[in-house]
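Data first, discussion second: the structure below is written as structure tokens.
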Amino acid sequence: TAAATAAKKRYPGEAKGFVEEMRFVAMKLHTRDQAKEGEKEAEGPPMAKWEPSVDGYLRFLVDSKLVFETLEGIVERPAFPEYAEFRNTGLERSESLAKDLEWFKEQGHTIPEPSSPGVTYANYLQELSEKDPQAFICHFYNIYFAHTAGGRMIGKKVAEKILNKKELEFYKWNGELSPLLQNVRDKLNRVAEVVLLLLLLITLNVLMSFCVHLCCPSFWFLTKTLCFHQSWTREEKNHCLEETEKSFKFSGDILRLILS
Ligand code: HEM
């Protein structure tokens, strides 16, 4: 219908679910040399010309660890119930980063303290998570997914140039990565749009009450649980999408540490 077409135009990716909307906004914020869907002008040198140093890369790893620890702490002690879904997704990175830093130490390198880009982002995430779940979820998505896409490419390039191709734990996941990602996509989509499922469950409950003359307690329990997880309004979704630029800004500052 015309209305559906108009909605599709206004919110690209909407038909496929909210994660696709977040992805669309994120891809446009890449530069063209970073990703073919990118639309931004390049600021620094293209990745092919990067001259990383071990010290700079260590600063990047230390600040990344602080950011992942912060995210993992936030979902462990959720200020909003919807965060609890994102515990133990298999995407967690702070333990693997701790192992990598241990390895660098054994190689005789001094591990620096977290620097300003990482501390600033970690503080921002902590505050945001307590007052603005939509914006926080945007960062959560971008940080984990950026790392599995561009982050891995960067890791490979840097390892070729300065680590004798040593593959760090930061870039290894337990088992296949793509089902882990899909599981998190499904959860993100569910946080943003749970209304249909709720309607379905209520209908099922009513039908069951009629047919069996008996309520299934576990169905009612599920329905009640879902009622707490209100789906996001269009305004809340837009608010989440608008946060993407900040996520690029903060993560970009941490990425640039590699070249410092
Ligand atoms: C996806 C490269 C920085 C967020 C991608 C993809 C590439 C890429 C090639 C496409 C992957 C695919 O669809 O197969 C890069 C490079 C970067 C960079 C080279 C920096 C040098 C960032 C930053 C963010 C970000 C700073 C945000 C914090 C994302 C997201 C996706 C993505 C959310 C979608 C991943 C998915 O759909 O699974 N990136 N990126 N990227 N990037 Fe980046």
Side-chain angles (χ1 to χ4, degrees), residues 12-53 56-57 59-61 63-68 70-71 74 86 89-91 93 117-118 120-122 124-125 128-129 134-162 170-171 173 176-189 191-192 237 240-260:
E14 197 179 17
K16 278 207 203 164
F18 188 62
V19 171
E20 194 63 16
E21 290 189 49
M22 287 195 285
R23 184 181 194 278
F24 185 85
V25 175
M27 289 320 295
K28 290 217 293 192
L29 290 173
H30 289 75
T31 62
R32 225 149 318 161
D33 76 85
Q34 288 171 346
K36 58 180 187 299
E37 295 159 71
E39 292 186 359
K40 284 259 160 160
E41 290 303 319
E43 287 163 19
M47 222 172 57
K49 298 234 171 77
W50 275 19
E51 295 295 345
S53 68
Y57 193 47
R59 280 190 279 275
F60 162 77
L61 293 174
D63 281 24
S64 298
K65 176 161 167 281
L66 179 61
V67 166
F68 282 106
T70 305
L71 286 178
I74 289 168
F86 300 100
T89 60
L91 296 183
R93 296 290 84 198
T120 311
Y121 199 13
Y124 180 79
L125 288 169
L128 199 64
S129 72
Q134 285 78 29
F136 172 71
I137 290 289
C138 173
H139 289 270
F140 182 92
Y141 164 73
N142 275 287
I143 293 168
Y144 280 108
F145 281 69
H147 179 63
T148 68
R152 272 201 301 174
M153 293 170 37
I154 293 166
K156 199 154 170 272
K157 269 267 172 324
V158 174
E160 276 167 15
K161 290 206 164 160
I162 58 175
F170 192 24
Y171 306 101
W173 284 264
E176 283 284 312
L177 177 58
S178 76
L180 296 179
L181 292 175
Q182 194 50 45
N183 181 41
V184 174
R185 282 193 196 103
D186 292 343
K187 286 184 174 188
L188 287 166
N189 280 332
V191 165
K237 287 183 183 176
C240 171
L241 296 173
E242 280 157 13
E243 190 73 13
T244 311
E245 236 170 309
K246 280 203 190 125
S247 173
F248 268 72
K249 163 88 182 62
F250 283 115
S251 291
D253 288 347
I254 295 177
L255 267 176
R256 268 188 291 280
L257 287 171
I258 301 178
L259 301 177
S260 68

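Read the numbers this way: they start at 1 and go in the same order the structure lists the ligands and their atoms.
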Once the angle between the rings of Phe140 and Phe86 is folded into 0 to 90°, is it parallel (under 30°), tilted (30 to 60°) or perpendicular (over 60°)? tilted

Just which atoms of ligand 1 are under 4.0 Å from any heavy atom in Ala35? 7 (C), 9 (C)

Only heavy atoms of Arg185, strictly under 4.0 Å: list the atoms of ligand 1 that pass. 38 (O)

Could you tell me whether the side chain of Leu91 reaches within less than 4.5 Å of the side chain of Leu177, counting heavy atoms only? yes

Show which atoms of ligand 1 fall inside a sub-4.0 Å distance from at least one heavy-atom site of Tyr141. 33 (C), 34 (C)

Element-labelled atoms of ligand 1 that are located less than 4.0 Å from some non-hydrogen atom of Ala146: 4 (C), 24 (C), 25 (C), 27 (C), 29 (C), 41 (N)

Within-cutoff protein neighbour (heavy atom, under 4.0 Å) for atom 14 (O) of ligand 1: no

Do His30 and ligand 1 have an N or O pair less than 3.5 Å apart? yes

Show which atoms of ligand 1 fall inside a sub-4.0 Å distance from at least one heavy-atom site of Ser251. 26 (C), 28 (C)

Decide whether an N or O pair under 3.5 Å exists between Thr148 and ligand 1. no

Within-4.5 Å side-chain heavy-atom neighbours: Tyr141 and Cys240: no

Check ligand 1 against Ile154 and write out every atom of the ligand that is under 4.0 Å from a heavy-atom position of the residue. 20 (C), 21 (C)

4.5 Å side-chain heavy-atom contact, Glu41 and Thr31: no

Pair Lys249 + Asp253, salt bridge at N-O below 4.0 Å: yes

Residue Ala26 vicinity, atoms of ligand 1 by number, heavy atom under 4.0 Å: 33 (C)

Are Glu245 and Leu29 side-chain neighbours, meaning at least one heavy-atom pair lies under 4.5 Å? yes

Can you find a heavy atom in the side chain of Tyr121 that is under 4.5 Å from one in the side chain of Ser251? yes

